[in-house]
Structures are given as C-alpha cells and as structure tokens.
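In this chain, numbering begins with 1 at the start of the sequence shown. What you see is a predicted model, and the numbers here were worked out from it, not measured in a lab.
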Amino acid sequence: MTGEYQHSLDAKGRLFIPVRLREELGQEFYVTVSLDQCLYAYSLENWKKFEEKAASMPYNEQGLINVLFIFAAKCEMDAQGRI
C-alpha cells in the first residue's frame, strides 16, 4: 500500500480514510507519525512484520524506529471510514 493524501481533521478531530485505503488496511490498523511529520498507516499484518523487523535489529540501531512505536495507535474505523 502506497500513496500520499492531503487531509484535514473534521470538527470532532476525526480523519477520513479514503475508500481505497480502507479496503487495504482492514477494519483495524495502526497509524503512527513519521519523522517527516506525516501519518503512516499499517495493516495489522504489516505492523506485525514491522515489529518483528525492528525487534531483530541491534539495539543501537533501533533509535529512529522506536519513534514510530512511541507515537503508534491502533485504530478502528467507524461506519463512515473515520478514525
């Protein structure tokens, strides 16, 4: 899954997920803030792979990767595709 989308939050602080991404992400997924101040979204399957890859890295190389975990949130979309 790749792509770049420009979005804003609604009055209640919710973010609308485009239909194409909803289909690829599934009902539950992870969102985190990247170092370049963008949101990254990962399906549950891809997030687990990302966790495994990070865990296999030497501790001294995990610094930048850990930032992604600190800001990660498990999300579930509402009926309108918002988080």
Side-chain angles (χ1 to χ4, degrees):
M1 173 180 58
T2 59
E4 183 176 322
Y5 302 88
Q6 298 291 325
H7 287 285
S8 58
L9 302 177
D10 70 9
K12 293 184 179 181
R14 299 173 297 195
L15 177 69
F16 178 79
I17 305 297
V19 174
R20 186 178 79 88
L21 292 181
R22 283 187 241 165
E23 294 167 355
E24 292 184 44
L25 289 171
Q27 184 62 26
E28 292 183 315
F29 55 94
Y30 282 85
V31 173
T32 188
V33 177
S34 69
L35 297 175
D36 54 357
Q37 299 180 357
C38 295
L39 293 178
Y40 285 6
Y42 296 86
S43 67
L44 291 178
E45 178 184 346
N46 286 334
W47 184 256
K48 294 298 178 195
K49 290 178 186 176
F50 183 63
E51 286 179 324
E52 291 168 4
K53 184 176 180 179
S56 70
M57 294 172 68
Y59 182 76
N60 62 333
E61 294 178 14
Q62 291 180 3
L64 294 175
I65 295 293
N66 286 338
V67 172
L68 297 175
F69 288 105
I70 290 168
F71 294 107
K74 188 174 183 181
C75 299
E76 187 172 342
M77 283 183 272
D78 66 13
Q80 287 77 40
R82 300 172 299 201
I83 58 170

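With hydrophobic clusters built from ILVMFWY side chains whose heavy atoms lie under 4.5 angstrom apart, Val19 does not share a cluster with Leu15. Hydrophobic clustering, with ILVMFWY side chains joined whenever heavy atoms are under 4.5 angstrom apart, keeps Met57 apart from Tyr59.
Environment of CZ in Phe71: sparse, with no more than 12 heavy atoms of neighbouring residues, nucleotides or ligands closer than 6.0 Å. Around CD of Glu45, the count of heavy atoms belonging to other residues, nucleotides or ligands within 6.0 Å does not exceed 12.
Cys75 contributes atom SG, which lies 5.0 Å from atom CZ of Phe29 (distance to the nearest 0.5 angstrom). Between Glu61 atom CD and Asn66 atom CG the span is 12.0 Å, to the nearest 0.5 Å.
A pairwise comparison of heavy atoms in Leu44 and Glu28 identifies CG-O, 3.4 Å as the closest pair. The two residues Thr32 and Ala72 have their closest heavy-atom pair at OG1-N, 3.5 Å. Here the shortest heavy-atom pairing between Gln80 and Phe16 reads O-CE1, 3.2 Å. When all heavy atoms are compared, the tightest approach of Glu76 to Ile83 is O-CG2, 4.1 Å. Closest approach of Gln27 to Met77, counting heavy atoms only: NE2-O, 2.5 Å. Summarising the geometry of Ile17 relative to Arg22, their closest heavy-atom pair is O-NE, 2.8 Å, with the distance given to 0.1 Å.
Salt bridge annotation for Arg20-Glu24: present, with a cationic side-chain nitrogen under 4.0 angstrom from a carboxylate oxygen.
The closest side-chain heavy-atom distance from Phe50 to Ile65 is below 4.5 Å.
Ring-plane geometry between Phe69 and Trp47 is classed as perpendicular, the angle between the planes exceeding 60 degrees on a 0 to 90 degree scale with a lower cut at 30.
Although no hydrogens or angles enter the test, the distance criterion places a donor-acceptor pair under 3.5 Å between the side chain of Gln62 and the main chain of Ala54. With Ser34 contributing its side chain and Tyr40 its backbone, the two residues share no donor-acceptor pair below 3.5 Å.
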